[in-house]
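Whatever order the structure lists ligands and atoms in, that order sets their numbers, starting from 1.
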Amino acid sequence: MTLPGSQFADLRNRGVLVTGGGSGIGAALVEGFARQGARVAFIDIAENASRALADRLATETGQRPEFIAADLTDVGAARAAAAAAVAALGSIRVLVNNAARDDRQPLEAVTGESWDESLAVNLRHFFFLSQAIAPHMRQTGGGSIINFSSIAFMLNMPEIPAYATAKAGIIGLTKSLAGKLGPDNIRVNAILPGMIVTERQRRLWLTEDSIARMQERQCLKRVLVAEDLVGPCLFLASDCSGAMTAQAMIIDGGVS
Ligand SMILES: NC(=O)c1ccc[n+]([C@@H]2O[C@H](COP(=O)([O-])OP(=O)(O)OC[C@H]3O[C@@H](n4cnc5c(N)ncnc54)[C@H](O)[C@@H]3O)[C@@H](O)[C@H]2O)c1
């Protein structure tokens, strides 16, 4: 699968911040925006993978995306990373809240601490990054915030109670932020991916059998990959979706 060939002229030189951009879907998004000529910064906890991505894109595109190392579960670190992104890019018109960790947790194993940890890595920083970046968007006339949810919360999956709660919460957060920020011309939408076969998903959770079963449920009979999220994200970032806010866009090959 390759990145979309289409160019969105308004994304050229636009300041874009992606969380969790070091690997998986986030890395495809960083590359997708960079190949549109956007000025890209990304935040991630995984330093080696992130530096390797920044090095590769610097060589291939002639422009190095700005990597900011931070643990987004720490609200102070998340705010500092947002400030570093603003300092590096000057202006930010697009924020993609993508970082997450879909740990499995059987019902009986959930503790107060593991519940809080899951919501911290899967939900809390979506709010605090939006809170930190929205004033800068307002100053430059508006912007687009794109929040990564998941169809997982609608599929009755038994082993992800806290992750599913966080992903459902992202829909509520998206709608509330859209209501608050709309008067400032800041649009807020969510993307709900289906089963996206990344290296990590294959390593940790997926088998050939589970991939085949999901393909059976999809209308489109092919494996979905990280690059499949790039086009929808570019569209939501671009002025092409200028009247669209408070919406949830499902990209799952037709499962739901
Ligand atoms: N892959 C799928 O099938 C799928 C399906 C539905 C939704 N999603 C959602 O799409 C988004 C991307 O998923 P993915 O599969 O690429 O995930 P991934 O685990 O491959 O990548 C997530 C990135 O976030 C980073 N990250 C994790 N914890 C962090 C922290 N505390 N601070 C900073 N960075 C941190 C990781 O290092 C990684 O680079 C997530 O929001 C996920 O919930 C994925």
Side-chain angles (χ1 to χ4, degrees), residues 1 17-32 41-54 65 67-82 84-85 95-104 116-126 128-129 145-155 157 160 162-171 173-174 190-207 210-211 214-215 217-218 223-230 232-233 248-253 255-256:
M1 183 79 194
L17 174 60
V18 179
T19 70
S23 67
I25 294 168
L29 299 179
V30 168
E31 177 159 1
F42 66 103
I43 303 170
D44 208 292
I45 198 170
E47 299 203 20
N48 291 341
S50 298
R51 289 193 202 291
L53 175 67
F67 164 54
I68 299 157
D71 178 353
L72 290 168
T73 62
D74 175 337
V75 173
R79 286 183 166 140
L95 167 64
V96 185
N97 283 311
N98 161 80
R101 206 183 59 224
D102 63 342
D103 294 341
R104 273 39 175 179
D116 288 349
E117 259 176 35
S118 183
L119 267 65
V121 77
N122 291 310
L123 174 62
R124 190 170 62 191
H125 57 87
F126 281 54
F128 285 102
L129 260 289
I145 298 175
I146 301 159
N147 292 327
F148 268 76
S149 174
S150 172
I151 65 163
F153 84 81
M154 300 189 288
L155 296 184
M157 290 172 69
I160 51 166
Y163 177 79
T165 302
K167 290 296 173 185
I170 286 166
I171 303 298
L173 176 64
T174 297
I191 287 184
L192 289 74
M195 180 190 278
I196 309 302
V197 180
T198 62
E199 201 185 299
R200 180 174 185 273
Q201 292 293 314
R202 261 192 203 281
R203 181 162 36 86
L204 292 179
W205 319 121
L206 303 181
T207 61
S210 63
I211 294 171
M214 186 53 90
Q215 256 191 75
R217 294 179 70 173
Q218 293 172 195
V223 167
L224 304 185
V225 293
E227 288 75 12
D228 283 308
L229 278 308
V230 174
C233 221
M249 199 191 241
I250 295 178
I251 311 294
D252 67 357
V255 172
S256 45

**Message:** Checking a contact table here: which protein heavy atom is nearest atom 37 (O) of ligand 1, and how many Å away?
**Reply:** Asp44 OD1, 2.6 Å
**Message:** Nearest non-hydrogen contact with atom 38 (C) of ligand 1 belongs to which option: Ala69, Ser150, Ser23?
**Reply:** Ser23
**Complete:** Judged by heavy atoms only, the candidate from Tyr163, Phe153, Phe126 nearest atom 42 (C) of ligand 1 is Tyr163
**Prompt:** So is Asp102 close enough to ligand 1, meaning a heavy atom under 4.0 angstrom away?
**Reply:** no
**Message:** For the 3.5 Å polar cut-off, considering only N or O atoms, please tell me whether Gly21 and ligand 1 meet it.
**Reply:** no
**Which of the ligand 1 atoms, numbered from 1, are nearer than 4.0 Å to a heavy atom of Phe148** = 10 (O), 41 (O)
**Item:** Ser149, portion touching ligand 1 at heavy-atom distance under 4.0 Å
**Value:** backbone
**Message:** Does only the side chain of Glu199 get under 4.0 Å from ligand 1, or the backbone, or both, or neither? Count heavy atoms.
**Reply:** neither
**Complete:** Nearest non-hydrogen protein atom to atom 3 (O) of ligand 1, with distance, is Ile196 N, 2.8 Å
**Asked** Any idea which of Leu29, Asn98, Ile45, Asp71 brings a heavy atom closest to atom 11 (C) of ligand 1?
**Response** Asn98
**Request:** Determine whether any heavy atom of Gln201 lies closer than 4.0 Å to an atom of ligand 1.
**Result:** yes
**Fill in**
The side-chain contact (heavy atoms from CB on, under 4.5 Å) partner of Leu192 among Ile170, Ile251, Ile250 is Ile250
**Message:** Checking contacts now, so for atom 1 (N) of ligand 1, which I'm interested in, is there any protein heavy atom under 4.0 Å?
**Reply:** yes
**Lys167, any N or O under 3.5 Å of ligand 1 N or O** = yes
**Item:** Short side-chain donor-acceptor distance under 3.5 Å, Asn147 and Thr174
**Value:** yes
**Check: Met195 N/O within less than 3.5 Å of ligand 1 N/O** = no
**Message:** Could you identify the single nearest non-hydrogen protein atom to atom 5 (C) of ligand 1 and state the distance to 0.1 Å?
**Reply:** Gly194 O, 2.9 Å
**Prompt:** With a 4.0 Å heavy-atom cut-off (strictly under), which part of Ala70 contacts ligand 1: side chain, backbone, both or neither?
**Reply:** backbone
**Presence of salt bridge, Arg203 and Glu199, under 4.0 angstrom** = no
**Message:** Using every non-hydrogen atom in the two residues, find where His125 and Asn97 come nearest and quote the distance to one decimal.
**Reply:** O-OD1, 4.2 Å
**Request:** Give the single entry among Arg200, Glu47, His125 that approaches atom 19 (O) of ligand 1 most closely by any heavy atom.
**Result:** Arg200
**Complete:** Minimal heavy-atom distance between Ile196 and Val225, with the atoms involved, is CG2-C, 3.4 Å
**Message:** Return the closest protein heavy atom for atom 22 (C) of ligand 1 as residue, atom name and distance.
**Reply:** Ala100 O, 3.8 Å
**Request:** Check whether any side-chain heavy atom of Met214 sits under 4.5 Å from a side-chain heavy atom of Val197, and report yes or no.
**Result:** no
**Prompt:** Should the heavy atoms of other residues, nucleotides or ligands under 6.0 Å from CZ of Arg217 be counted, would the total exceed 12?
**Reply:** no
**Message:** Would you say CZ of Arg202 has more than 12 non-hydrogen atoms from neighbouring residues, nucleotides or ligands within 6.0 angstrom?
**Reply:** no
**Request:** Taking the side chain as every heavy atom from C-beta outward, state whether Phe42 and Leu29 have any pair of such atoms under 4.5 Å apart.
**Result:** no
**Prompt:** Is it true that a side-chain atom of Ser149 and a backbone atom of Ile171 form a donor plus acceptor pair closer than 3.5 Å?
**Reply:** no
**Request:** Would you mind listing which atoms of ligand 1 come within a distance below 4.0 Å of any non-hydrogen atom of Val121?
**Result:** 28 (N), 31 (N)
**Message:** If we set the cut-off at 4.0 Å for heavy atoms, which region of Leu192 has an atom near ligand 1: side chain, backbone, both, or neither?
**Reply:** neither
**Complete:** re atom 16 (O) of ligand 1, the protein heavy-atom contact at minimum distance is Ile25 N, 2.7 Å
**Request:** Keeping the roles fixed (side chain from Asp116, backbone from Ala120), state whether a donor-acceptor pair exists under 3.5 Å.
**Result:** no
**Item:** Candidate pair Arg200 and Asp102, rule salt bridge (Lys or Arg N to Asp or Glu O under 4.0 Å), full reasoning
**Value:** CA-CA 10 Å; Arg200 180 174 185 273; Asp102 63 342; 2.8 Å; yes
